[in-house]
Amino acid sequence: MRTATIFIFISGLFIFLFGTENQLFAQSERLNYGFKAGLNALSPTKYQTYYAGDSTSGSYTNKNGYLIGAFFRINYNQVFLQPEAIWNFHQQKCGFMLPNPSQKDAYLPKALDINMDAVNVNLLAGYSIIKNKPYLCDVYLGTSFKWTYKIKYEITEEHNYSGKSDFFCYAGIIGFSVNISNLYFDFRYEINQPNTNLDFNKIPGIPEPYQSVFLEKNENILSFSCGIMF
């Protein structure tokens with residue numbers, strides 16, 4: 001469903017841009033607004049697994065997620081401010097170890113799939129390196145406040161859990177964007193602080209053997225999106 005939504009958005013974007021005569025340029029206005037859709041990927045900078053306080057081996061697998069957002073831009077010569085509201089769907093797979101009940105001092109590998117829905121409110125400050133119709137190239141820095149409001153857990157296809165979370169975090173943003181007329185491309189990297197540790201004991205209804213697992217981790221986010229800016 002989410003993939004179909006992204007495809008419809010991008011298809012409609014190209015039909016609008018190349019199926020009509022559009023003589024407006026994004027960089028010609030003091031105030032711009034736009035819409036975008038794209039992909040994101042969680043990128044761990046720290047990952048360590050523990051069971052009952054003891055360090056164990058683990059693994060982490062990146063998965064692509066999706067994003068849809070809207071923004072507006074306030075321009076002042078080469079400088080601009082850009083507030084944004086973005087919906088994100090994130091995916092990740094975390095590997096960890098559980099004690100083997102049939103063999104002393106031995107562990108069994110397990111994996112946890114996590115799907116998260118989140119809303120970001122961002123504020124960017126940028127500078128236009130190139131501002132020459134119909135081309136525009138910008139670099140920017142900013143900050144992001146994220147509310148992860150829904151999380152779904154799946155442990156090696158044996159147990160499924162769904163729940164809601166009031167988990168808030170914040171991040172720094174660095175990136176650049178390119179415009180060709182109204183067509184907008186955005187590449188960015190989000191640096192998350194504080195960390196995004198996961199205590200299995202706080203997952204509602206999780207079976208007792210998993211409750212002693214703790215994941216010490218921090219994920220930054222790499223994303224690409226395209227859209228339209230007026």
Side-chain angles (χ1 to χ4, degrees), residues 2-3 6 36-51 53 55-69 71 84-98 109-124 140-157 159-177 186-204 206 210-225:
R2 294 183 176 93
T3 304
I6 300 293
K36 64 178 184 174
L39 301 174
N40 59 54
L42 296 171
S43 175
T45 58
K46 176 177 65 177
Y47 186 75
Q48 180 62 54
T49 64
Y50 297 87
Y51 185 85
S55 177
T56 61
S57 61
S59 62
Y60 188 102
T61 303
N62 287 326
K63 290 186 173 183
N64 288 332
Y66 314 100
L67 66 91
I68 298 176
F71 60 91
E84 302 178 329
I86 301 176
W87 172 84
N88 282 283
F89 173 68
H90 297 297
Q91 300 183 94
Q92 59 184 166
K93 180 186 286 288
C94 300
F96 56 95
M97 296 290 186
L98 286 184
K110 294 289 184 178
L112 175 72
D113 287 295
I114 308 174
N115 296 334
M116 298 176 286
D117 294 88
V119 176
N120 291 54
V121 176
N122 306 333
L123 179 61
L124 309 178
Y140 56 79
L141 296 170
T143 186
S144 174
F145 295 91
K146 176 183 289 186
W147 174 37
T148 302
Y149 64 90
K150 185 177 181 181
I151 306 176
K152 181 179 179 181
Y153 302 96
E154 181 176 309
I155 301 177
T156 57
E157 301 181 354
H159 306 282
N160 290 284
Y161 308 91
S162 295
K164 292 185 177 181
S165 171
D166 288 329
F167 178 70
F168 286 88
C169 68
Y170 56 90
I173 299 174
I174 183 171
F176 70 94
S177 61
D186 183 276
F187 304 83
R188 66 180 57 180
Y189 190 64
E190 297 180 26
I191 304 171
N192 283 312
Q193 291 294 333
N195 57 40
T196 51
N197 294 340
L198 178 59
D199 186 350
F200 280 41
N201 191 49
K202 296 181 179 180
I203 299 177
I206 197 166
Y210 297 92
Q211 293 178 7
S212 296
V213 176
F214 182 84
L215 305 183
E216 184 180 7
K217 60 189 179 74
N218 187 39
E219 297 116 357
N220 295 338
I221 301 171
L222 180 65
S223 65
F224 162 75
S225 60

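- Of the residues listed (Thr49, Leu198, Leu98), the one engaging Val213 in a side-chain contact (heavy atoms from CB on, under 4.5 Å) is Leu98, and it is the only one.
- Note on ring orientation: taking the six-membered ring where Trp is involved, the planes of Trp87 and Phe89 are parallel (angle under 30°, cut-offs 30° and 60°).
- Relative orientation of the Phe176 and Phe187 rings is parallel, given thresholds of 30° and 60° on the angle between their planes.
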Point to revise | Pair Tyr66-Leu39, side chain to side chain contact (heavy atoms under 4.5 Å, CB included): steps then yes or no | key: CA-CA 4 Å; Tyr66 314 100; Leu39 301 174; 3.8 Å; yes

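- Taking a 6.0 Å sphere around OH of Tyr189, one finds it holds more than 12 heavy atoms contributed by other residues, nucleotides or ligands.
- Ring geometry for Phe96 against Tyr210 counts as perpendicular: the plane angle is over 60°, on a 0 to 90° scale with 30° as the lower cut.
- Between the NZ atom of Lys150 and the CG atom of Asn115 there is a distance of 10.0 Å, given to the nearest 0.5 Å.
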Exercise for review: Show your working on side chain to side chain contact (heavy atoms under 4.5 Å, CB included) between Thr196 and Met116 and close with a plain yes or no.
Suggested key: CA-CA 13 Å; Thr196 51; Met116 298 176 286; over 6 Å; no

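- Applying the salt bridge (charged side-chain N to carboxylate O under 4.0 Å, His left out) test to Glu219 and every residue at least two apart in sequence or in another chain returns Lys217.
- Side chain to side chain, Asp186 and Ser177 fail the donor-acceptor criterion of an N or O pair below 3.5 Å.
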Review point. Would Asn120 and Glu190 satisfy side chain to side chain contact (heavy atoms under 4.5 Å, CB included), going step by step from the backbone distance to the final call?
Key: CA-CA 11 Å; Asn120 291 54; Glu190 297 180 26; 3.9 Å; yes

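- Residue-environment remark: CD1 (Ile174) stays at or below the threshold of 12 foreign heavy atoms within 6.0 Å.
- Under 3.5 Å, the side chains of Ser55 and Gln48 contain a donor-acceptor pair of N or O atoms.
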Check your understanding: Can you check side chain to side chain contact (heavy atoms under 4.5 Å, CB included) on Tyr50 and Glu216, steps first, answer last?
Key -> CA-CA 8 Å; Tyr50 297 87; Glu216 184 180 7; 3.1 Å; yes

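- A pairwise comparison of heavy atoms in Glu84 and Phe71 identifies CG-CB, 3.6 Å as the closest pair.
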